[in-house]
Visitor: 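Provided herewith is a single structure, encoded as structure tokens, for subsequent inquiry.
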2 protein chains.
Amino acid sequence: MVSRADGPTTGPTIHDVARSAGVSTATVSRALRGVDRVSPDTRDRVLRAALSLDYVASPTATSLATGRTGVVGVLAPFLSRWFFAHALDGVEHTLRTHGLHLLLLNVGSQPSAEPLLDEVRLRKRVDALLVVSRDLRASEVALLSALHVPVATLGVDVGPWDRVGVDDAAAGDTAMTHLLELGHRRLAYVGGDVEQDVHVATAVQRLVGVRRALRRKGVDPARVRVVVGDWTVAGGLAAGDAVLGQPCPPTAVLAASDEMAIGVLLAARRRGVRVPEELSVMGVDDHELAWTHDLTTVAQPVEALGAAAAKLLVDALAAPVGALRRERRVVTLTTSLVVRGSTGTAPA
Amino acid sequence: MVSRADGPTTGPTIHDVARSAGVSTATVSRALRGVDRVSPDTRDRVLRAALSLDYVASPTATSLATGRTGVVGVLAPFLSRWFFAHALDGVEHTLRTHGLHLLLLNVGSQPSAEPLLDEVRLRKRVDALLVVSRDLRASEVALLSALHVPVATLGVDVGPWDRVGVDDAAAGDTAMTHLLELGHRRLAYVGGDVEQDVHVATAVQRLVGVRRALRRKGVDPARVRVVVGDWTVAGGLAAGDAVLGQPCPPTAVLAASDEMAIGVLLAARRRGVRVPEELSVMGVDDHELAWTHDLTTVAQPVEALGAAAAKLLVDALAAPVGALRRERRVVTLTTSLVVRGSTGTAPA
DNA sequence: TTGAAAGCGCTACCAA
DNA sequence: TTGGTAGCGCTTTCAA
């Protein structure tokens, strides 16, 4: 242990180990990393010395020498929302398994132009980047590309990068099909705000699926009332209120997220509308508390999505350096219908 | 732009800037960091050169030279649970504001002895450490201490470090007082599993507060049935079921968390027990979905807790190096009663 | 198989 | 105020 003038106590360095083992630092480096040829005997001596000194190589020094940091940056617009928190779990687990670190950055929900998600903070700090459910404008895509590291996206189709997500159209289709098969024909869809929204694509795609289901069943898509929520319970509540307050209210409401669906449920309860006798409500996600509201939904495998996204980056980093411009990889995981008590056959 | 043999394209270095500005690298370093005296003219030239080259100092090189990484490690047992996700939001925001990065590590919920939260991964990687709601055994405390960096804890009182949290006893007291003032005398408390649990202290302290309230009101603490949940809705459901199934069931149940309280609510609903007419239920936290169940609770300022914890570390890092062993700092934020519809006066 | 030494890019000390 | 230069701790040729 050596004391430095600035900062905390610094541990033993590779020189200490070299001296203690009676070899050169080059040999210590090789022995400890298990690469290159080192005689079993020498290796043993080095390992023993390192162990007894409680030596750990300095990550910064290694980074400077190799050009790799062993860190993956994760960019997300919210950290506390259900989807992100769970996806993060999967990402973290996978990265840790592969010996990588996770640098977390909240980039805000607005695809802003100004601070341009200060990429400066990322420059040479991370080996790869994961963008979680955040739309990016062209300038931002360019900025991230300029980092010259592998990038992957989760839940959004933006940039020329690898990506993972669910088939949102299929999810919307599955949900709407469920409602149609229960006989509902007076329908409403609560989507995200198409104006300024981080999940534009998601909301739009789910609606595409909804329309597809309608057409397949021979129902005019125009019959579905489309209102906007803002992906929150409060937004769903407001949307539900608006829809249920109309002259000829729908018998079924599909919300693009469970949280909004719960809002619709609350709106119904406040108005004394019985669920599912008079109104069926369903969402998408299978939020961990969805079942506490007995909410029918279309589940997406969030942790698995996070894990898959991380794996994409792990692979990219493992690839031989020269392997430039491989095929773009797109991983799509499947969603599944979860029927609970909030949906039932259409009232007569 | 220079191409390196291994790895991605490397940006311009300090030498490029120095050459371009016609000064030494030392001057570039000084000018760019704004420390030390540099003539306005020179500074200007350097800044201009750096800008036109799109130069950003290599964080690894800086770290190696200064001994500081600009990174704070955050250790948490779960990433997806409500409390952690929200606390993380506060932490991230504060760190970012102060130019620090957040390295996220899931250390698992079990105060395990074996992999001993592989501190090796943290050695020399972080300037400071934040432990979020995770009990640590003595060996783990020693391990983290050996890192020789400032440490703070959030939501747990462990180790000799700075910490922030709420007054859990006060929260329990507040909650129980509310129920007592509504006239309830047949009571139950759903706490965490005292055996193997990450939040032992939290559960225990809240119970301490509960007992304090009881004594103050002249009620025998022994009258309160104490059952264990596991901090989940399912656990609360099971606990609620057990309690409500007894011969002389309580008229009010206090759960140590909102999620467990929601479970109790579900148990009541399944048994046809009306809330709040026949049974009052309340929790602690003010989970973001608590209001969707009209749950009375004691709110804790989670984001603020995270922010405060991060601030503790920011301060510690800003302190002059010699400032060893200051007073231990303990920040306690206050909780507040949030009355909703799940509690009412005790039935006759 | 091993060692010497040249970097990696930046900071900080000491002179000028 | 500025420049020269010696590290920071590790990896990686190139020789031996």
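In what follows, chains are A, B, ... by sequence order, proteins preceding strands, each numbered from 1.
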Visitor: Send over the distance from B:Leu64 CG to C:dA12 P, rounded to a whole Å.
Guide: 12 Å
Visitor: D:dG9 C1' sits how many Å from B:Arg125 CZ, rounded?
Guide: 14 Å
Visitor: Go through C:dC10, D:dC10, D:dT11 for me and flag the one nearest to the B:Ile14 side chain.
Guide: C:dC10
Visitor: Whole angstrom is fine here: how far is it from CZ in B:Arg123 over to C1' in D:dC10?
Guide: 16 Å
Visitor: Which residue, A:Lys124 or A:Asp41, contacts DNA chain C at a nucleotide closer to its 5' end, judged by nearest heavy atom?
Guide: A:Asp41
Visitor: Tell me the interatomic distance from B:Leu53, atom CG, to C:dG9, atom P, rounded to whole angstroms.
Guide: 14 Å
Visitor: Taking only residues two or more places apart in sequence, or in another chain, which ones meet B:Thr97 in a side-chain contact (heavy atoms from CB on, under 4.5 Å)?
Guide: B:His93
Visitor: Could you check which residues of residues 24-35 of chain A get a heavy atom under 4.0 Å from DNA chain C? Sort them by number, please.
Guide: A:Ser24, A:Ala26, A:Thr27, A:Arg30
Visitor: Scan side-chain atoms only and decide if A:Arg48 and A:Ser52 contain a donor-acceptor pair under the 3.5 Å cut-off.
Guide: no
Visitor: How many Å lie between CZ on B:Arg43 and P on D:dG3, as a whole number?
Guide: 14 Å
Visitor: Look at the side chain of A:Ser39 and decide which nucleotide, out of D:dT11, C:dG9, C:dT2, has an atom nearest to it.
Guide: C:dT2
Visitor: Just wondering, do B:Leu103 and B:Val72 contact through their side chains at under 4.5 Å, heavy atoms?
Guide: no
Visitor: May I ask you to check if B:Arg81 and B:Phe78 form a cation-pi contact, with NZ or CZ under 6.0 angstrom from the six-membered ring centre and within 45° of the axis?
Guide: yes
Visitor: Can you give the donor-acceptor pairs under 3.5 Å from side chains of residues 307-316 of chain B to other protein atoms, not counting sequence neighbours?
Guide:
unit_1	atom_1	unit_2	atom_2	d
B:Lys311	NZ	B:Asp315	OD1	2.9
B:Lys311	NZ	B:Asp315	OD2	3.4
B:Asp315	OD2	B:Arg329	NH2	2.7

Visitor: How long is the line joining CZ of B:Arg19 and P of D:dG3, in whole Å?
Guide: 14 Å
Visitor: For residues B:Ser63 and B:Thr60, is any side-chain donor paired with an opposing acceptor at under 3.5 Å?
Guide: no
